[in-house]
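What follows is a single structure, written as structure tokens, with notes after it.
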Amino acid sequence: MKILYFAWLRERMNKGSEDVSPPTDVATIDQLIDWKSASDESFALAFQDREIIRASIDDELVESDAKIEGAREIAFFPPMTGG
Amino acid sequence: MKILYFAWLRERMNKGSEDVSPPTDVATIDQLIDWKSASDESFALAFQDREIIRASIDDELVESDAKIEGAREIAFFPPMTGG
Amino acid sequence: MWVRIQQEPFDPGAESNAFFLTDGAAGATVTFTGLVRSTPDNPIDALILEHHPTMAKKQIERFANEAMEKFELVDIAVIHRFGEMKVGEVIVQVMAASPHRQAAFDGANYVMDWLKTDAPFWKQEVTSDGAKWVQHRKSDDQAREKWQTKTPPKQS
Amino acid sequence: MWVRIQQEPFDPGAESNAFFLTDGAAGATVTFTGLVRSTPDNPIDALILEHHPTMAKKQIERFANEAMEKFELVDIAVIHRFGEMKVGEVIVQVMAASPHRQAAFDGANYVMDWLKTDAPFWKQEVTSDGAKWVQHRKSDDQAREKWQTKTPPKQS
């Protein structure tokens, strides 16, 4: 699956997207962040203040306990400031 | 003092304004309507449904117990329907 | 703050654009535009608005000033027409500018609610049967009640 | 109902005028226009908006459709820009048309409140010191709460 990063998360990750293949026991957004943080130091640093980070699965806003099974694209971003 | 009529009150009165000189014991809008109704049949008819008629004194909306002393211009009209 | 009462048609978009230019400090502008409409339920050919000129201007200026005080507005402007107007033409436009979007919404809404019940204009609908006075609506009186609450609307 | 996400500047007044032409049944239109502002307290040279293209369009379409269902709207339209924009340029415009003025106010207000917190756009303010991410405001989260009441807003 593909992960997208936006705004200062994108800057801290120094990339807008990457492909990941989490093992099947990584079931939720929270677990994806845990799994990714364990192997990727800059990800761990960028996702330090985890409560404020929001996520979407295939263009739908989700909570951090949302299941990622079947997801094509997961986006992470700070709180929105549009309009 | 001058009385102005608007909308269907103007049509029923068949005029937009007239000059009146009420005696000094005619102190309020209500008393002005009573006094005018007594001497003017078309006025009495036009002001039959008195509760819905609104009034202003010198461009200020007033209640029917408002004092008319010193008024330059009194306007009578149906409920507003602008905007 | 300015109020214009005029007989001539005006271009609502051009008026909004001109208003945006003068409100440098305001990120949010809310524009209310009231148009003459003809519906299948109530088809009309035109609208005729009678008004009390001096009082109309004073009353609308009062509501606009009240809105400036009640809400955090940078500017507010109102254009209201009188006379005969065709279907699709603009009757009234209110423009409110604020640094806060809710204040801009509230400012324009407040002026419209008071204008509807307390500004001296009277509409006649013109159809093939002639001209008929529009009835005042009770819902317009009720609409003002939302501004009577003691706590001011939330700013955001 | 339509939503446009675009990089190019647009003419807000021309967009409103075009919108009026298509809403024959609606006597009331409320337009919200959000502009790039630079204030003495917070002077900026420009704004840069980053966005999630597919999700931004879907989310705003959702809010616009919700507004159509919740309020008695004839039509609603949203234009939102991304990329770099100068002071005085328009960021976003929402236009809501209804036979009832309160519904038009509520429709535009509803879409703006949800767009602010749940449409994937992120602002950077550009000054001589460089670009700085704009902080999300708690008041924007609170603004949505007014739509959570069980009784629908009063129509008038």
Side-chain angles (χ1 to χ4, degrees), chain C residues 11-21 23-42 47 74 87-95 97 99-102 104-106 108-109 112-113 115-116 137-146 153-156, chain D residues 11-21 23-42 47 74 87-95 97 99-102 104-106 108-109 112-113 115-116 137-146 153-156:
Chain C
D11 177 334
E15 294 289 348
S16 307
N17 281 353
F19 184 74
F20 298 146
L21 288 179
D23 66 357
T29 295
V30 168
T31 303
F32 176 88
T33 312
L35 300 105
V36 182
R37 61 182 162 135
S38 177
T39 60
D41 288 350
N42 189 33
L47 213 59
V74 170
V87 173
E89 288 185 0
V90 179
I91 307 165
V92 61
Q93 183 155 296
V94 178
M95 299 168 279
H100 307 286
R101 74 180 177 286
Q102 192 57 49
F105 274 111
D106 290 338
N109 201 338
M112 278 309 302
D113 279 351
L115 189 157
K116 274 274 169 185
R137 288 181 306 180
K138 276 268 175 297
S139 61
D140 283 331
D141 296 328
Q142 289 156 3
R144 293 179 316 183
E145 287 168 18
K146 65 175 171 288
K154 215 182 304 163
Q155 305 293 309
S156 66
Chain D
D11 177 335
E15 294 289 348
S16 307
N17 280 353
F19 184 75
F20 298 146
L21 288 177
D23 66 357
T29 294
V30 169
T31 304
F32 176 87
T33 311
L35 300 106
V36 182
R37 62 178 160 136
S38 177
T39 61
D41 288 349
N42 189 32
L47 214 58
V74 170
V87 173
E89 287 185 1
V90 179
I91 307 165
V92 60
Q93 183 156 295
V94 178
M95 299 168 280
H100 308 287
R101 76 178 177 287
Q102 192 57 49
F105 275 110
D106 289 338
N109 202 338
M112 278 309 301
D113 279 350
L115 188 157
K116 275 272 169 185
R137 287 182 306 180
K138 278 267 174 296
S139 61
D140 283 331
D141 297 329
Q142 288 156 2
R144 295 177 317 184
E145 286 168 19
K146 65 174 172 288
K154 217 182 301 162
Q155 304 293 309
S156 65

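Per chain, numbering begins at 1; letters A, B, ... match sequence-line order.
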* **chain D contact via N17(C) - which portion, at a heavy-atom distance below 4.5 Å** => side chain
* With sequence neighbours excluded, residues passing side-chain contact (heavy atoms from CB on, under 4.5 Å) with N42(C) -> T39(C), I44(C), E125(C)
* Structure fact -> Of A14(C), G88(C), P12(C), A18(C), the largest count of non-hydrogen pairs under 4.5 angstrom with chain D goes to P12(C)
* **Gap between atom CD of Q142(C) and atom CD of Q102(D) - 0.5 Å precision** => 12.5 Å
* Parallel under 30°, tilted from 30 to 60°, perpendicular over 60°: which one fits the rings of F105(C) and F105(D)? -> perpendicular
* Asked: side-chain contact (heavy atoms from CB on, under 4.5 Å) with A104(C): which residues, sequence neighbours excluded?
  -> A28(C), V30(C), S98(C)
* Side chains of M95(C) and T33(D): closer than 4.5 Å at any heavy-atom pair? -> no
* **Among Q93(C), K116(C), E15(C), residue most engaged with chain D (heavy-atom pairs, under 4.5 Å)** => K116(C)
* Starting at CG of N109(D), measure out to CZ of R101(C) and round the result to the nearest 0.5 Å. => 7.5 Å
